Amino acid sequence: MKKEEKAKNQTEKQEAASEKAEATENVNAQADSTEAAGEKDAEDSPEATEKAEEPEETPEQKIAALEKENADLKDQLLRRAADFENYRKRMLQEKQDAYDYGNTNLLKDLLDSLDNFDRTIEAAATATDVKSIADGVSMVSKNLVSMLENKYNLTGYGAVGDEFDPDIHEAIGMQEGDVEKEQLAAVYLKGYKLKDRVIRHAKVMVVKPKA
């Protein structure tokens with residue numbers, strides 16, 4: 001009886017081991033099938049097909065591509081250099097034009113005063129009244145000064161009795177007098193300012209307090 005039970009147990013163990021081995025084989029077979037399917041899908045994908053079909057560049061092709069890139073860069077550099085040279089020349093020309101013709105508007109305005117002076121001179125040739133000639137010259141001078149002051153911010157300065165200022169006056173002589181501060185005794189040449197900058201100092205005689 002014991003021999004039969006022992007044989008029966010051994011048989012059951014063999015059957016269990018056989019079933020376990022069969023199950024393991026099924027799992028391995030299924031995994032192999034899935035991996036094979038994945039590899040096949042990857043091989044059949046457009047990216048894989050394109051990658052497989054794209055040939056690798058030869059050394060000669062790589063050298064040709066680099067030479068073309070180098071030529072393109074040189075061409076761009078030459079174009080930039082040419083553009084910069086043209087810009088530099090244009091700036092120099094504009095600067096020279098500004099220097100040569102910067103006073104065009106002023107000279108045009110001065111032409112009217114010159115024409116008026118010419119008319120005054122022509123009238124003086126046949127005039128019998130000296131006062132009328134003087135009045136004509138005075139009128140032309142006033143118009144000229146007014147134009148320079150209002151349009152170009154040019155102002156004259158320097159009058160007898162003004163306080164002496166060495167920054168704007170040039171003393172060509174000095175004398176003592178009954179004054180409290182140094183002041184102008186005479187103006188030999190008026191000074192002029194362009195806006196707030198002195199462009200010509202007034203030449204003056206200065207009177208100073210007595211020692």
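Please read all numbers here as calculations on a predicted model, not as lab measurements.
- Annotation for Val179 and Pro209: closest pair O-CB, 3.2 Å, computed over non-hydrogen atoms.
- In this structure, the side chain to side chain donor-acceptor pair (under 3.5 Å) partners of Arg119, at least two apart in sequence or on a different chain, are Asn116.
- For the pair Asp178/Lys210, a side-chain contact is recorded, criterion being any heavy-atom separation below 4.5 Å from C-beta on.
- For CD of Glu94, the number of neighbouring non-hydrogen atoms (other residues, nucleotides, ligands) closer than 6.0 Å is greater than 12.
- Remark: Glu85 pairs with Arg88 by the salt bridge (charged side-chain N to carboxylate O under 4.0 Å, His left out) rule, at least two apart or across chains.
- Other members of the hydrophobic cluster containing Ile172, listed by chain and number, are Tyr188, Met205; membership follows side-chain contacts under 4.5 Å among ILVMFWY residues, whether direct or relayed.
- Applying the side-chain hydrogen bond (donor to acceptor under 3.5 Å, both in side chains) rule to pairs touching residues 160-169 yields nothing, sequence neighbours excluded.
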With a cut-off of 3.5 Å and sequence neighbours excluded, list every side-chain donor-acceptor pair involving residues 72-79.
from: Asp72; atom 1: OD2; to: Lys68; atom 2: NZ; distance (Å): 3.3
from: Asp75; atom 1: OD2; to: Arg79; atom 2: NE; distance (Å): 2.9

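- Residues Gly191 and Ala202 come closest through the heavy atom pair N-CB, 3.4 Å.
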Set out, in order, the CA-CA distance, both residues' side-chain angles and the distance that settles side-chain contact (heavy atoms from CB on, under 4.5 Å) for Ile199 and Leu154, then state yes or no. CA-CA 9 Å; Ile199 62 174; Leu154 181 70; 3.5 Å; yes
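- Annotation: salt bridge (charged side-chain N to carboxylate O under 4.0 Å, His left out) contacts involving residues 135-146, sequence neighbours excluded, comprise Lys131-Asp135.
- In this structure, Asn70 contributes its side chain and Leu66 its backbone to no donor-acceptor pair below 3.5 Å.
- Note that the OH atom of Tyr157 and the CD1 atom of Ile168 stand 5.0 Å from one another [nearest 0.5 Å].
- With rounding to the nearest 0.5 angstrom, the OG atom of Ser113 is 11.0 Å from the CG atom of Asp118.
- The number of heavy atoms from other shown groups lying within 6.0 Å of CG (Asn150) is above 12.
- For the residue pair Val137 and Thr120, the shortest heavy atom distance occurs at CG2-CG2, 3.6 Å.
- Residues satisfying the side chain to side chain donor-acceptor pair (under 3.5 Å) test with Glu57, not counting sequence neighbours, are none.
- Closest heavy-atom contact between Gly158 and Leu184: CA-CD1, 4.4 Å.
- The side chain to side chain donor-acceptor pair (under 3.5 Å) search around Gln96 returns Asp100, not counting sequence neighbours.
- Taking the side chain as every heavy atom from C-beta outward, Asp97 and Gln93 approach each other to under 4.5 Å.
- Tyr192 is linked by a ring-ring contact (aromatic ring centres under 6.0 Å, His included) to nothing, counting only residues two or more places apart in sequence or in another chain.
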Atom pairs and distances, side-chain donor-acceptor, residues 101-111, under 3.5 Å, sequence neighbours left out:
from: Thr104; atom 1: OG1; to: Tyr101; atom 2: O; distance (Å): 2.6
from: Asp109; atom 1: OD1; to: Lys151; atom 2: NZ; distance (Å): 3.3
from: Asp109; atom 1: OD2; to: Lys151; atom 2: NZ; distance (Å): 3.0
from: Asp109; atom 1: OD2; to: Tyr152; atom 2: OH; distance (Å): 2.5

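- Each of Val198 and Val145 belongs to its own hydrophobic cluster when Ile, Leu, Val, Met, Phe, Trp and Tyr are linked at side-chain heavy-atom distances under 4.5 angstrom.
- Contacts classified as salt bridge (charged side-chain N to carboxylate O under 4.0 Å, His left out) and involving residues 186-207 (residues at least two apart or in different chains) are given here: Glu170-Lys203.
- Here the closest non-hydrogen pair linking Val160 and Ala186 is CG2-CA, 4.0 Å.
- Hydrophobic clustering (ILVMFWY, side-chain heavy atoms < 4.5 Å, transitive): Ile133 and Ile121 are in distinct clusters.
- A search for side chain to side chain donor-acceptor pair (under 3.5 Å) contacts involving Arg80 returns nothing, not counting sequence neighbours.
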